[in-house]
Amino acid sequence: QVQLVESGGGSVQAGGSLRLACVGSGFTYHTYCMGWFRQAPGKEREAVAAFYTGDDSTYYTDSVKGRFTISQDNAKKTLYLQMNSLKPEDTAMYYCAAIRAICRSTYWRNQYGYDFWGQGTQVTVSS
């Protein structure tokens with residue numbers, strides 16, 4: 001089955017940068033919608049960004065536009081989230097997720113639409 005493993009989290013000061021990575025294995029089909037989600041203590045899990053491997057389409061939640069970039073290295077089966085200009089409100093556990101489907105604008109934000117999840121990697125941004 002599909003397995004996802006995140007890495008790259010850590011502690012940084014506000015204004016700093018981190019690059020998260022999600023290494024996938026066990027993919028049966030060529031195209032997937034890959035998403036990054038985050039969850040802070042006491043808050044609901046929210047979608048951050050998504051990437052469709054079929055045509056490299058990208059999607060971002062408004063709060064990270066211009067600061068975060070989602071991309072992939074297909075040869076390495078790795079999804080990345082480059083995070084720049086980090087803010088304390090970005091502090092959360094970050095998860096990558098996948099589904100064998102197109103990243104439609106109507107459902108890429110829905111955590112229940114994804115079939116596979118990684119274990120998460122913690123991002124902490126201090127002021």
Side-chain angles (χ1 to χ4, degrees):
Q1 72 277 14
V2 172
Q3 293 184 317
L4 305 172
V5 180
E6 300 99 331
S7 63
S11 298
V12 298
Q13 293 185 345
S17 298
L18 287 172
R19 187 176 71 164
L20 307 184
C22 175
V23 179
S25 63
F27 293 106
T28 302
Y29 301 96
H30 184 257
T31 57
Y32 288 80
C33 176
M34 306 292 299
W36 283 102
F37 287 75
R38 66 186 181 187
Q39 187 167 26
K43 300 187 68 176
E44 295 183 349
R45 186 169 298 186
E46 65 172 348
V48 177
F51 185 98
Y52 178 52
T53 65
D55 62 7
D56 294 358
S57 297
T58 60
Y59 305 84
Y60 298 94
T61 195
D62 287 344
S63 64
V64 308
K65 287 181 178 177
R67 299 190 298 123
F68 291 8
T69 302
I70 189 170
S71 63
Q72 73 161 357
D73 184 331
N74 189 52
K76 296 182 178 180
K77 301 299 181 184
T78 302
L79 182 75
Y80 297 99
L81 185 68
Q82 178 67 47
M83 305 186 295
N84 298 326
S85 301
L86 283 163
K87 304 175 181 180
E89 50 263 46
D90 295 318
T91 295
M93 184 73 75
Y94 283 71
Y95 302 88
C96 69
I99 185 171
R100 188 173 64 83
I102 297 172
C103 293
R104 292 177 182 244
S105 61
T106 54
Y107 61 60
W108 75 269
R109 297 177 181 271
N110 180 15
Q111 64 177 299
Y112 302 109
Y114 293 80
D115 292 326
F116 310 105
W117 292 83
Q119 83 290 347
T121 185
Q122 178 68 40
V123 171
T124 302
V125 184
S126 60
S127 59

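Annotation: side chain of Trp117 is in contact with side chain of Gln111 (closest heavy-atom distance under 4.5 Å). Under the 4.5 Å side-chain criterion, counting only non-hydrogen atoms from C-beta, Leu4 is not in contact with Tyr95. Considering only heavy atoms from C-beta on, Thr53 comes within 4.5 Å of Met34 through its side chain. The closest side-chain heavy-atom distance from Thr69 to Tyr60 is below 4.5 Å.
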| said: Before you tell me yes or no, could you show the steps for Val5 and Gln3 under side-chain contact (heavy atoms from CB on, under 4.5 Å), namely the whole-Å CA-CA distance, both residues' side-chain angles and the distance that decides it to 0.1 Å? | reply: CA-CA 7 Å; Val5 180; Gln3 293 184 317; 5.5 Å; no

| query | Going through the checks in order, is the side-chain contact (heavy atoms from CB on, under 4.5 Å) test met by Phe51 and Asp56? | reply | CA-CA 6 Å; Phe51 185 98; Asp56 294 358; 3.4 Å; yes

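When atom types are taken as modelled, the side chain of Thr61 and the backbone of Val48 share no donor-acceptor pair closer than 3.5 angstrom. The backbone N or O of Gly120 sits less than 3.5 Å from a side-chain atom of Glu6, completing a donor-acceptor pair. Checked by atom type and distance alone, the side chain of Thr78 never pairs as donor or acceptor with a backbone atom of Asp73 at under 3.5 Å. Put simply, the side chain of Thr121 gets close to the backbone of Gly9: a donor and an acceptor are under 3.5 Å apart. In this structure a side-chain-to-backbone donor-acceptor pair under 3.5 Å is missing from Tyr107 to Gly113.
Here Lys87 does not pair with Asp90 in a salt bridge; the nearest charged N to carboxylate O distance is not below 4.0 Å.
In this pair, Phe37 and Tyr114 present their aromatic rings perpendicular. The plane angle is above 60°, beyond the 30 to 60° band.
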